[in-house]
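Comments concern the structure below.
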Amino acid sequence: MKKLINAVEDIVKDSLVGVAAAHPDSLRVDLENAVVLRAEEPHEGKVGLVSGGGSGHEPMHSGYVGYGMLDAACCGQVFTSPVPDQMMAADKAVDGGAGVLHIVKNYTGDVMNFDMAAEMSAAESGIRIESVLVADDVAVQDSLYTVGRRGVGLTVLMEKILGAAAEEGRDLDALLRVAAKVNEGGRSFGLALTSCVVPAAGRPTFELADDEIELGIGIHGEPGRQRAKLSTAAEVAEQLAEPILADLDFTGEPVIAMLNGLGGTPLIEQYLVWGEVSKVLAGKGVQVSRTLVGNHITSLEMAGCSLTLLKADGDLLHLWDAPVNTPGLRWGC
Amino acid sequence: MKKLINAVEDIVKDSLVGVAAAHPDSLRVDLENAVVLRAEEPHEGKVGLVSGGGSGHEPMHSGYVGYGMLDAACCGQVFTSPVPDQMMAADKAVDGGAGVLHIVKNYTGDVMNFDMAAEMSAAESGIRIESVLVADDVAVQDSLYTVGRRGVGLTVLMEKILGAAAEEGRDLDALLRVAAKVNEGGRSFGLALTSCVVPAAGRPTFELADDEIELGIGIHGEPGRQRAKLSTAAEVAEQLAEPILADLDFTGEPVIAMLNGLGGTPLIEQYLVWGEVSKVLAGKGVQVSRTLVGNHITSLEMAGCSLTLLKADGDLLHLWDAPVNTPGLRWGC
Amino acid sequence: MSDLSAQSVSTWLKDFAEVINEQANYLTDLDRQIGDADHGSNMSRGMSAVAALDPASFTDASGMLKKAGMTLVSTVGGASGPLYGTFFLRLGTTFTSDGELSAADLARGMKAGLDGIIARGKASPGDKTLVDTLTPAVAAAQQAADEGRSLAEALQAASKAADQGRDSTVDMIAKRGRASYLGERSKGHQDPGATSMALLIDSAARCLA
Amino acid sequence: MSDLSAQSVSTWLKDFAEVINEQANYLTDLDRQIGDADHGSNMSRGMSAVAALDPASFTDASGMLKKAGMTLVSTVGGASGPLYGTFFLRLGTTFTSDGELSAADLARGMKAGLDGIIARGKASPGDKTLVDTLTPAVAAAQQAADEGRSLAEALQAASKAADQGRDSTVDMIAKRGRASYLGERSKGHQDPGATSMALLIDSAARCLA
Ligand SMILES: Nc1ncnc2c1ncn2[C@@H]1O[C@H](COP(=O)(O)OP(=O)(O)O)[C@@H](O)[C@H]1O
Ligand SMILES: Nc1ncnc2c1ncn2[C@@H]1O[C@H](COP(=O)(O)OP(=O)(O)O)[C@@H](O)[C@H]1O
Ligand SMILES: [Mg+2]
Ligand SMILES: [Mg+2]
Ligand SMILES: [Mg+2]
Ligand SMILES: [Mg+2]
């Protein structure tokens with residue numbers, strides 16, 4: 001295992017020391033709880049947005065704290081959901097009287113820890129806490145008898161859009177309606193060229209042959225649903241887009257698209273894949289109105305990429321375009 | 001070789017197709033010449049800023065085209081400088097009557113190709129063309145008898161700062177003075193945990209043992225000057241900072257710092273290293289006023305990082321803080 | 001040592017912590033195959049914190065068990081944190097008085113723990129989770145109690161049933177937790193949480209009898 | 001075929017292009033060791049474009065050589081593009097009339113090419129570049145001309161000297177080009193550009209004699 005770290009058990013805290021050092025003006029880092037906050041919290045009358053999850057997906061979530069996006073990010077151990085204490089500390093710090101919204105990726109661990117935190121925060125301090133579950137990964141079969149889809153790339157778009165809505169002063173119920181729309185119209189699919197090395201495990205989570213890719217990869221090095229031969233980028237673009245378009249009709253409305261790098265794939269390849277994906281989408285009558293290319297939700301050093309599409313009506317586009325000022329996403333200010 | 005590409009010879013063009021598709025409103029891509037331009041060129045009365053170099057360092061340079069930074073980026077083959085025809089096309093497109101400035105990294109190939117282009121552009125169209133050579137890598141011995149230092153991380157800062165100065169309406173001579181100040185006060189050093197695979201070569205440029213790092217690495221997979229054992233991030237921070245501080249006194253003036261990922265190193269590790277570097281710098285009395293952490297000048301999928309420090313007086317800080325709107329760097333607008 | 005006290009609980013928890021530390025790589029490796037390669041490090045982080053609790057600072061077993069549960073919730077994260085945490089919290093609320101521990105007490109406590117886990121995680125037997133270890137273990141303990149057997153015998157029976165429950169997860173297709181994303185491909189692998197839960201019951205059989 | 005014409009130049013360039021394509025991996029591999037692993041692909045990209053030029057569309061050798069030079073400048077990039085491009089441009093301005101090519105003509109043309117390369121790249125002999133191949137080759141051609149020998153003999157001598165010059169780069173410490181960043185560590189490796197330049201002179205000896 002070759003990593004720029006001091007000790008495996010200190011990775012998250014040591015990295016947060018760097019976050020604090022890099023963004024002294026805009027962020028405040030609660031090192032004890034491993035919570036990243038905006039420098040000024042709470043914001044009176046604004047719904048507080050709290051997200052978090054296992055670390056190793058940077059810039060998500062800590063890089064999305066700031067004006068127009070999150071109020072706080074709770075950083076768990078690498079690929080392990082944070083513990084309720086962290087969310088409770090965050091809830092307390094960001095509550096400006098309008099309640100707090102938890103943005104949670106749909107993984108058992110995340111769901112249970114956020115649930116416990118919400119119960120305890122509400123009981124302890126009477127804050128109204130609601131939560132949004134992001135569950136967009138079409139690689140996972142969705143049925144009554146399973147836990148449902150994983151939350152992956154759509155989380156980035158959810159945080160940006162809800163962040164803008166909260167900044168505008170919309171209330172908790174309004175945010176829940178926006179979130180429902182994002183969940184209804186958003187889908188993702190990813191594939192990997194290599195595994196990643198979870199620091200505590202010390203070796204790659206899975207092995208791929210030199211000509212193999214893993215289709216339907218998660219963001220924790222979990223194996224996907226299927227192996228395939230690595231072909232051309234044009235073929236990869238089909239492999240990314242096809243399962244998404246098979247799951248939901250993306251024609252007839254503007255679409256926000258994210259071509260996301262999983263960490264180890266250089267930007268030149270990400271743009272190359274986006275070029276091919278955009279051809280595939282155009283061929284299927286999908287009209288892309290906004291595009292984001294880059295490392296936005298990663299799996300440590302995993303090579304590969306994911307595609308997220310979101311049907312966006314006028315309001316969602318308006319919220320997407322609104323100013324945002326975070327280390328990981330910034331425009332308009 | 002595992003890459004998301006169609007064919008080795010098409011990588012640069014195919015990737016530019018993606019750039020064009022991702023940024024239809026802000027960028028215009030001249031696919032024939034592999035030149036990325038702002039959507040609206042030229043800008044009357046503004047010095048045109050043209051940079052470029054081998055591809056594989058993304059977001060540099062194509063990702064730095066836009067308001068407050070470059071007017072054009074000429075994209076060479078992977079790790080191979082662009083050809084004069086590209087710079088000539090760029091010169092012509094961006095000349096707004098105030099002359100054109102070439103920002104060139106100090107590599108023989110880049111220097112010669114930009115030189116030929118400048119001679120031919122001046123001869124053909126009478127544009128006044130000046131050039132700035134960036135040469136900041138302290139890993140390379142600088143002497144009268146060699147070609148001097150390589151241009152690495154400082155290039156990003158140079159492009160940002162000159163871009164702001166040009167946007168303010170400063171003339172060519174004023175830009176050259178700013179550039180000289182940046183060159184005098186800027187230094188970089190990098191190290192690698194892995195090599196990268198140049199697509200045309202198909203295999204890693206060099207091999208490192210599981211516990212080895214390459215100190216003084218370039219940005220093209222060129223081997224560095226020395227191997228060392230990989231130790232803790234705290235030690236790595238010393239290895240990055242020490243050669244820079246030994247070369248130039250960085251105390252007594254504010255410093256702009258960039259901790260740059262080389263492509264394959266996740267952001268969580270980059271922040272972790274920055275945390276350690278900031279401690280080392282503080283211990284040596286260096287006062288960091290601005291910080292940039294992330295993948296800004298990369299070597300394909302190489303794992304590792306580099307540190308760039310720049311002494312910044314009030315004017316340089318002012319230019320650094322000025323609004324910039326490019327795919328790779330954005331703030332203030 | 002069939003006496004329930006902060007001290008006897010502490011002996012059990014320290015033993016389990018030791019076993020977890022020894023087996024951490026194995027548990028992580030199981031999780032590497034159908035999960036995200038952290039179950040061993042998760043449990044080990046949590047149980048090290050639990051093992052550091054001083055039994056002298058608790059007035060009774062109940063207090064110690066509740067604190068252990070809260071400690072797991074606060075240090076583990078992931079799926080196992082809330083689930084193991086809930087298990088010990090429920091044990092703590094069931095075992096309200098120190099002293100003699102009967103087979104019936106044991107069965108009642110374990111059942112409360114299992115119910116808590118199901119309430120929190122919504123898994124059913126057959127979903128390939130630690131519930132598949134705990135469910136037959138509870139049943140075995142209950143049967144031993146019903147048959148009037150000793151605590152030691154009940155613990156033995158529970159431990160044997162737990163091991164069988166753990167083994168039964170190999171052939172299952174996961175429906176809860178991270179392994180469920182693998183669908184059919186989760187078959188043929190032993191569930192990490194079911195494995196650590198069997199270690200917990202085995203440890204109880206060693207320490208509480 | 002000691003006659004200079006667009007056709008004879010084309011034969012030479014096509015032969016060189018073929019050799020470069022065959023040796024591309026070898027050249028890239030040399031560059032991998034002390035450079036950036038692209039010399040073979042650079043030269044091959046450029047020479048493939050040159051080989052596609054139709055000699056029938058040029059009135060004389062000069063025009064063909066100049067176009068070859070411009071083509072290399074426009075397609076290769078890197079250090080070798082401007083240097084090889086300059087070499088052929090200078091040949092083109094030296095060989096102004098078709099017809100008989102003498103040993104003295106050859107020496108004069110090669111010398112002009114070398115001067116162009118030095119003006120562009122500022123390398124001196126001993127800097128571990130293609131100049132170390134070309135310098136002795138020019139000297140050998142000149143000596144053959146001075147001794148009144150034939151074009152074929154001059155080309156043979158140049159080719160032999162070029163090969164020796166190429167070999168001499170192994171022990172040098174690079175002072176120009178990318179390999180110079182390696183300092184002492186550049187020693188022990190043969191320079192890629194010096195290698196391709198020797199292939200060019202060898203090809204000339206085969207095709208122009
Ligand atoms: N809903 C659930 N109910 C019961 N047990 C579960 C549930 N989800 C997961 N588990 C158990 O948790 C184990 C995984 O724990 P761990 O790896 O620590 O957490 P995570 O899956 O969050 O990484 C699984 O092997 C399974 O036994
Ligand atoms: N200044 C120079 N003068 C002469 N030849 C040079 C000079 N710099 C580099 N070279 C030659 O160019 C070769 C490298 O060419 P190539 O790999 O194609 O370009 P780059 O170094 O830009 O990647 C070197 O092996 C060397 O022979
Ligand atoms: Mg986990
Ligand atoms: Mg090159
Ligand atoms: Mg796990
Ligand atoms: Mg080269």
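Below, read A as the first sequence line, B as the second, and so on, with proteins coming before strands; counting in each chain starts at 1. Just the heavy atoms: all of them, side chains too, but no hydrogens, waters or symmetry mates, feed the values below.
- K13(B) has no carboxylate O lying under 4.0 Å from a charged side-chain N of D10(B), or vice versa, which leaves the two without a salt bridge.
- Contact of R120(D) with chain B is made through backbone and side chain together, with heavy-atom distances under 4.5 Å.
- Classification of R149(B) and D137(B) as a salt-bridged pair fails, no side-chain N sitting under 4.0 Å from a carboxylate O.
- Of the two parts of S41(D), only the side chain, counted from C-beta on, holds a non-hydrogen atom closer than 4.5 Å to a non-hydrogen atom of chain B.
- If you tally non-hydrogen atom pairs under 4.5 Å between each of V8(B), T108(B), D85(B) and chain D, the highest count goes to D85(B).
- Ranked by heavy-atom pairs shorter than 4.5 Å toward chain B, the options G81(D), G85(D), G35(D) are led by G35(D).
- The existence of a salt bridge linking D202(D) and R206(D) is excluded, since no basic side-chain nitrogen approaches an acidic carboxylate oxygen closer than 4.0 Å.
- If you tally non-hydrogen atom pairs under 4.5 Å between each of G221(B), G54(B), P204(B) and chain D, the highest count goes to P204(B).
- In this structure, no portion of E207(B) lies under 4.5 Å from any heavy atom of chain D.
- Looking at S124(D), neither its backbone nor its side chain comes within 4.5 Å of chain B, counting heavy atoms on both sides.
- In this structure, chain D has a heavy atom under 4.5 Å from the backbone of N106(B), while its side chain stays farther away.
- Contact annotation for P199(B): neither backbone nor side-chain heavy atoms come within less than 4.5 Å of a heavy atom of chain D.
- Contacts between D31(D) and chain B at a heavy-atom distance below 4.5 Å are absent for every atom of the residue.
- Residues of residues 43-73 of chain D lying within less than 4.5 angstrom of chain B, judged on heavy atoms, are R45(D), V73(D) in numerical order.
- Annotation: W12(D) is not in aromatic contact with F95(D) [ring centroid separation under 6.0 Å not met].
- Here R32(D) is the residue among R32(D), Q33(D), K122(D) with the most heavy-atom pairs under 4.5 Å with chain B.
- Inspection of the H39(D) and T28(D) side chains reveals no N or O donor paired with an N or O acceptor under 3.5 Å.
- D163(D) approaches A198(D) most closely through the heavy-atom pair OD1-CB, 3.7 Å.
- Using a 4.5 Å heavy-atom threshold, the side chains of F16(D) and C207(D) count as separate.
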I'd like a table of donor-acceptor pairs (distance under 3.5 Å, sequence neighbours excluded) in which one partner is a side-chain atom from residues 72-82 of chain B, with atom names and distances.
{"from": "T80(B)", "atom 1": "OG1", "to": "V78(B)", "atom 2": "O", "distance (Å)": "3.4"}
{"from": "T80(B)", "atom 1": "OG1", "to": "D38(D)", "atom 2": "OD2", "distance (Å)": "2.6"}
{"from": "T80(B)", "atom 1": "OG1", "to": "N42(D)", "atom 2": "OD1", "distance (Å)": "3.2"}
{"from": "S81(B)", "atom 1": "OG", "to": "G109(B)", "atom 2": "O", "distance (Å)": "3.4"}
{"from": "S81(B)", "atom 1": "OG", "to": "N113(B)", "atom 2": "ND2", "distance (Å)": "2.9"}
{"from": "S81(B)", "atom 1": "OG", "to": "G78(D)", "atom 2": "N", "distance (Å)": "2.8"}

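- Salt-bridge annotation for D191(D) and R166(D): absent, with no side-chain N of the basic residue lying under 4.0 Å from a carboxylate O of the acidic one.
- In this structure, the ring of H296(B) has its center no less than 6.0 angstrom from the ring center of H57(B).
- Between S8(D) and D3(D) the shortest side-chain heavy-atom distance does not fall below 4.5 Å.
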